[in-house]
Trainee: 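Dropping the structure in here first, questions after.
Computed over heavy atoms, backbone and side chain alike; hydrogens, waters and symmetry mates excluded.
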Amino acid sequence: MRTRHQFIPIEDARVGMVLGVAANAIEKGLLSLTLPAGHTLTEDSLGQLVAHHAEFIQIEYPDTRTDETVAEEVAVAARRVMDIFEDADLSDPTLATLFDQVLAYRSE
């Protein structure tokens, strides 16, 4: 089954949601809490995230779009990213990396 990822504020997190990537809380420069990708949120883990001042998490959920819809949305997103970067000098390694990352993110 295909899945999608979405960043949400911790206030919107609910029991049963699944972490799309690891959730790490850092306090005073030290890692104080980590929950692995794929972790299903429980009351306890939500409480820990709040107690460790987590602000956002990335969740994973089923992607119910058809293959055709996915292809159309990816094409639209790619065109938008190309428009945004049309005047950028993509021979610059920093801009090229940013372009690649934005394109990958928008193509999910």
Side-chain angles (χ1 to χ4, degrees):
M1 172 185 6
R2 195 169 45 212
T3 60
R4 295 187 81 178
H5 290 189
Q6 178 181 5
F7 282 99
I8 62 169
I10 197 67
E11 297 83 26
D12 293 347
R14 300 290 177 258
V15 170
M17 289 181 167
V18 177
L19 293 176
V21 298
N24 297 313
I26 299 172
E27 293 184 65
K28 298 179 183 173
L30 298 174
L31 182 65
S32 62
L33 173 71
T34 188
L35 298 172
H39 173 79
T40 301
L41 295 175
T42 63
E43 286 289 338
D44 184 50
S45 59
L46 280 172
Q48 290 177 8
L49 287 166
V50 170
H52 285 85
H53 311 291
E55 294 181 26
F56 290 88
I57 58 171
Q58 188 178 100
I59 59 164
E60 177 180 279
Y61 60 95
D63 185 352
T64 58
R65 300 174 297 170
T66 65
D67 290 341
E68 294 79 21
T69 300
V70 170
E72 289 170 9
E73 290 179 5
V74 167
V76 167
R79 282 193 300 276
R80 286 187 66 209
V81 172
M82 293 299 293
D83 288 345
I84 292 167
F85 282 86
E86 72 179 330
D87 293 328
D89 177 8
L90 296 180
S91 66
D92 177 317
T94 302
L95 281 175
T97 300
L98 177 62
F99 171 81
D100 290 341
Q101 292 297 313
V102 171
L103 183 60
Y105 177 77
R106 298 299 297 163
S107 297
E108 277 192 11

Trainee: Which pair of non-hydrogen atoms, one from Arg65 and one from Arg2, has the smallest distance, and what is that distance?
Mentor: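 Heavy atoms only, the tightest pair is O-NH2, 2.5 Å.
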Trainee: With no hydrogens and no angle check, is any side-chain donor or acceptor of Ser45 less than 3.5 Å from a backbone partner on Leu41?
Mentor: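 No; zero donor-acceptor contacts below 3.5 Å.
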Trainee: Compare every heavy atom of Gly20 with every heavy atom of Ala37, then report the nearest pair and how far apart it is.
Mentor: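 What the structure gives for the nearest pair is CB-O, 3.8 Å.
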Trainee: Tell me whether Glu86 at atom CD has more than 12 heavy atoms from other residues, nucleotides or ligands lying less than 6.0 Å away.
Mentor: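 Counting other residues, nucleotides and ligands, CD of Glu86 exceeds 12 neighbours.
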Trainee: Using the rule that two of Ile, Leu, Val, Met, Phe, Trp, Tyr join whenever any of their side-chain heavy atoms come within less than 4.5 Å, decide whether Val81 and Leu98 are in one cluster.
Mentor: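 In one cluster: yes.
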Trainee: With the 4.5 Å side-chain cut-off for hydrophobic clustering, are Phe99 and Val74 part of the same group?
Mentor: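 No; tracing contacts between hydrophobic side chains, which count when under 4.5 Å, never links both residues.
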Trainee: Measure the CE-CG distance between Met82 and Leu90 for me, rounded to the nearest 0.5 Å.
Mentor: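 Rounded to the nearest 0.5 Å, the CE-CG separation comes to 7.5 Å.
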Trainee: Going hydrophobic residue to hydrophobic residue with side-chain gaps under 4.5 angstrom, can you get from Val76 over to Val70?
Mentor: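 They do not share one cluster, since no chain of ILVMFWY contacts under 4.5 Å joins Val76 to Val70.
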Trainee: What I'd like to find out is whether the side chain of Ile59 reaches to under 4.5 Å of the side chain of Arg14, using heavy atoms alone.
Mentor: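 Sidechains of Arg14 and Ile59: no contact.
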Trainee: Ile57 and Leu49: which non-hydrogen atoms are nearest, and at how many Å?
Mentor: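 For Ile57 and Leu49, the tightest heavy-atom pair comes out as CG2-CD1, 4.2 Å.
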Trainee: Does atom CZ (Arg80) have a neighbourhood of more than 12 heavy atoms from anything else shown, all under 6.0 Å?
Mentor: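 No, CZ of Arg80 has 12 or fewer neighbouring heavy atoms, counting only those of other groups under 6.0 Å.
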Trainee: Are Val21 and Leu35 connected into the same hydrophobic cluster when the rule is that any two of I, L, V, M, F, W, Y join if their side-chain heavy atoms are below 4.5 Å apart?
Mentor: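 No, it is not one cluster - the side chains of Leu35 and Val21 are not joined through contacts under 4.5 Å.
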Trainee: Are Phe56 and Val50 grouped together when hydrophobic residues (ILVMFWY) are joined by side-chain heavy atoms under 4.5 angstrom apart?
Mentor: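 Not linked; separate clusters.
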Trainee: To the nearest 0.5 Å, tell me how far Arg4 CZ sits from Gln58 CD.
Mentor: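 Nearest 0.5 Å value for the CZ-CD distance: 12.0 Å.
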Trainee: Starting at CG of Leu95, measure out to CZ of Phe85 and round the result to the nearest 0.5 Å.
Mentor: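 Leu95 atom CG to Phe85 atom CZ measures 7.0 Å (nearest 0.5 Å).
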Trainee: Counting only heavy atoms not in Glu43 (residues, nucleotides, ligands), do more than 12 fall under 6.0 Å from its CD?
Mentor: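 Count not over threshold, so no.
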Trainee: Hey, does Asp63 have a side-chain heavy atom less than 4.5 Å from the side chain of Thr3?
Mentor: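 With C-beta onward as the side chain, the pair stays apart.
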Trainee: CD1 of Ile26 to NE2 of His52: how many Å apart, nearest 0.5 Å?
Mentor: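 Separation between the atoms: 12.0 Å.
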Trainee: Going from CD on Glu55 to CD on Glu11, what distance comes out if it is rounded to the nearest 0.5 angstrom?
Mentor: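 The CD atom of Glu11 is 8.5 Å from CD of Glu55, to the nearest 0.5 Å.
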Trainee: Taking all heavy atoms of His5 and all of Tyr61, pick out the closest pair and write down the distance.
Mentor: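 Taking every non-hydrogen atom into account, C-CE2, 4.3 Å.
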